[in-house]
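One structure, as structure tokens, below. Some questions next.
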Amino acid sequence: MIETSEKSGIQGRIINLSSAIHSWVNSRDALCFNHMINPKTNKSYNGTRAYAQSKLATILHAKELSRQLKERNATVSINAVHPGIIKTGIIRAHKGFFTDSLYFIASKLLKSIPQGASTTCYVAVSPQTQGMSGKYFADCNESNCSCLANDESEAHKLWTHTRALIQRRYHQPSPALAL
């Protein structure tokens with residue numbers, strides 16, 4: 001993308017889809033890299049916590065990649081967006097009176113799919129966001145994210161651990177090929 005942006009003269013824009021739920025992660029629950037690398041060691045797995053941590057990770061990724069792109073003087077930006085809580089029917093598989101009733105009531109408060117997509121589209125194409133990078137947006141506005149999501153050392157640590165994990169994964173011989 002860096003080369004294409006340079007050749008075309010058009011700024012490249014990367015959008016990470018996050019969520020306000022990232023703020024549910026506090027420093028005590030922070031990204032536990034050992035559990036990510038070895039999930040079987042985590043006896044107290046919690047799906048909601050894992051989801052919140054993944055959304056925190058998308059913001060930290062955006063901030064670290066933004067820093068690296070600026071360091072290279074690249075004309076590519078990366079930002080994270082919170083689309084809002086959207087009525088998608090994702091809980092359709094969980095049928096039952098309680099779930100159906102809760103969904104019916106909540107659906108009056110949820111965003112439509114086009115409303116949910118608006119912030120992503122805004123950040124991707126608006127002239128007002130040109131040159132902005134490493135930011136967090138909600139409701140088509142730059143917004144504040146949690147203190148942990150603004151922690152540069154945590155962003156760098158996530159980047160380093162992720163690269164090590166990928167290298168380990170792709171530089172190990174396949175079990176079928178190992179002698």
Side-chain angles (χ1 to χ4, degrees), residues 1-25 30-33 36-37 39 49-90 110-174 177:
M1 183 180 262
I2 293 171
E3 291 171 9
T4 303
S5 179
E6 285 175 0
K7 287 178 186 173
S8 69
I10 299 171
Q11 179 192 26
R13 297 188 190 191
I14 303 167
I15 312 297
N16 276 4
L17 194 59
S18 189
S19 172
I21 199 173
H22 82 274
S23 64
W24 290 13
V25 180
L31 301 170
C32 184
F33 298 102
M36 287 181 203
I37 293 168
R49 183 181 306 132
Y51 180 75
Q53 288 177 338
S54 75
K55 296 306 172 182
L56 171 62
T58 63
I59 298 170
L60 292 170
H61 171 261
K63 290 185 177 286
E64 178 62 17
L65 184 54
S66 174
R67 185 191 66 73
Q68 291 184 26
L69 289 166
K70 284 177 185 171
E71 219 172 65
R72 293 177 63 176
N73 293 317
T75 55
V76 175
S77 67
I78 178 167
N79 292 292
V81 302
H82 167 59
I85 304 171
I86 304 165
K87 182 170 40 173
T88 62
I90 197 164
L110 304 178
K111 289 183 176 183
S112 67
I113 292 171
Q115 288 170 328
S118 65
T119 301
T120 302
C121 293
Y122 170 75
V123 175
V125 300
S126 174
Q128 284 86 4
T129 60
Q130 186 167 350
M132 296 177 83
S133 191
K135 307 294 183 186
Y136 176 73
F137 290 83
D139 294 322
C140 297
N141 289 295
E142 186 178 346
S143 187
N144 293 323
C145 51
S146 70
C147 291
L148 194 53
N150 282 315
D151 187 330
E152 289 180 19
S153 66
E154 197 71 14
H156 185 70
K157 190 163 64 168
L158 174 65
W159 185 272
T160 303
H161 277 79
T162 302
R163 284 187 58 106
L165 181 61
I166 291 168
Q167 281 191 318
R168 195 173 322 143
R169 173 85 175 165
Y170 289 103
H171 287 82
Q172 285 182 346
S174 172
L177 300 174

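In this chain, numbering begins with 1 at the start of the sequence shown.
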Thr120 side chain near Phe137 side chain, heavy-atom distance below 4.5 Å: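 A side-chain contact is absent here, since even the closest heavy-atom pair is not under 4.5 Å.
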
Candidates Glu64, Glu71, Lys70 - the one meeting side chain to side chain donor-acceptor pair (under 3.5 Å) with Gln68: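 That would be Glu64; it is the only one of Glu64, Glu71, Lys70 passing the side chain to side chain donor-acceptor pair (under 3.5 Å) with Gln68.
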
Test item: Thr119 side-chain N/O and Asp139 main-chain N/O as donor-acceptor pair under 3.5 Å: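 Yes, because the side chain of Thr119 sits within donor-acceptor range (under 3.5 Å) of the backbone of Asp139.
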
Any side-chain heavy-atom pair of Val123 and Arg13 under 4.5 Å: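 No. Closest side-chain heavy atoms not under 4.5 Å.
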
Approximate separation, where rounding is to 0.5 Å, of Glu6 CD and Asn73 CG: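 It is 9.5 Å, given to the nearest 0.5 Å.
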
Note, Cys145 side chain near Asn150 side chain (heavy atom, < 4.5 Å):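 Yes. Closest side-chain heavy atoms under 4.5 Å.
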
Donor-acceptor contact present, side-chain Gln11 to main-chain Gly131, <3.5 Å: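 Yes; at least one donor-acceptor contact below 3.5 Å.
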
Check: Thr160 side chain, His156 main-chain N or O, donor-acceptor pair, under 3.5 Å: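 It does hold such a pair.
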
Close side-chain approach of His61 and Asn16, heavy atoms under 4.5 Å: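 They are in contact (side-chain heavy atoms under 4.5 Å apart), so the answer is yes.
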
Neighbour count above 12 (heavy atom, 6.0 Å) for Ile85 CD1: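 It does not: Ile85 CD1 has 12 such atoms or fewer within range.
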
Heavy-atom closest contact (Gly134 atom, Asn79 atom, distance):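 Closest approach of Gly134 to Asn79: N-OD1, 3.2 Å.
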
Shortest non-hydrogen separation from Ser5 to Val76 and the atoms involved: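 Looking at all heavy atoms of both residues, the closest pair is CB-CG2, 4.1 Å.
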
Ser143 vs Asn141 side-chain heavy atoms within contact, under 4.5 Å: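 Side chain of Ser143 against side chain of Asn141, heavy atoms only: no contact under 4.5 Å found.
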
Verdict with supporting geometry, Trp159 and Leu60, side-chain contact (heavy atoms from CB on, under 4.5 Å): CA-CA 8 Å; Trp159 185 272; Leu60 292 170; over 6 Å; no

Distance in Å, Tyr170 OH paired with Leu165 CG, rounded so as to fall on 0.5 Å steps: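 One gets 9.5 Å once the value is rounded to the nearest 0.5 Å.
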
Minimum-distance pair of heavy atoms, taken over all atoms of Leu110 and Gln115: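 Looking at all heavy atoms of both residues, the closest pair is O-OE1, 4.5 Å.
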
Check: Gln167 side chain, Ala164 main-chain N or O, donor-acceptor pair, under 3.5 Å: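 Looks like no, no N/O pair under 3.5 Å.
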
Atom CD of Glu142 with >12 non-hydrogen neighbours under 6.0 angstrom: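 Atom CD in Glu142 is packed in, count exceeds 12.
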
OG-CD1 distance between Ser77 and Ile15, expressed to the nearest 0.5 angstrom: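 Atom-to-atom, Ser77:OG and Ile15:CD1 are 6.5 Å apart.
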
Leu69 side chain reached by Arg72 side chain, heavy atoms, under 4.5 Å: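 Side-chain contact under 4.5 Å: no.
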
Parallel, tilted or perpendicular: rings of Tyr136 and His82 (30°, 60°):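 If you compare the ring of His82 with that of Tyr136, the planes turn out parallel.
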
Under 3.5 Å donor-acceptor, His161 side chain and Leu158 backbone: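 Checking the backbone N and O of Leu158 against the side chain of His161, no donor-acceptor pair under 3.5 Å is found.
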
Side-chain donor-acceptor pair present, Ser66, Ser133, cut-off under 3.5 Å: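 There is such a pair (donor and acceptor under 3.5 Å, judged by atom type) between the side chains of Ser66 and Ser133.
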
For the student: nearest non-hydrogen atoms of Leu56 and Ser146, plus distance: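 Closest approach of Leu56 to Ser146, heavy atoms only: CD1-OG, 4.4 Å.
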
Shortest non-hydrogen contact from Ala80 toward Ser18: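 Taking Ala80 first and Ser18 second, the nearest heavy atoms are CB-CB, 4.4 Å.
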
Interatomic spacing from NZ in Lys7 to OG1 in Thr75 - rounded to 0.5 Å: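 Between atom NZ of Lys7 and atom OG1 of Thr75 there are 12.5 Å.
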
pair Trp24-Lys55: side-chain heavy atoms closer than 4.5 Å: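 No; the side chains remain at least 4.5 Å from each other.
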
Any side-chain heavy-atom pair of Leu17 and Pro83 under 4.5 Å: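 Leu17 vs Pro83: side chains touch.
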
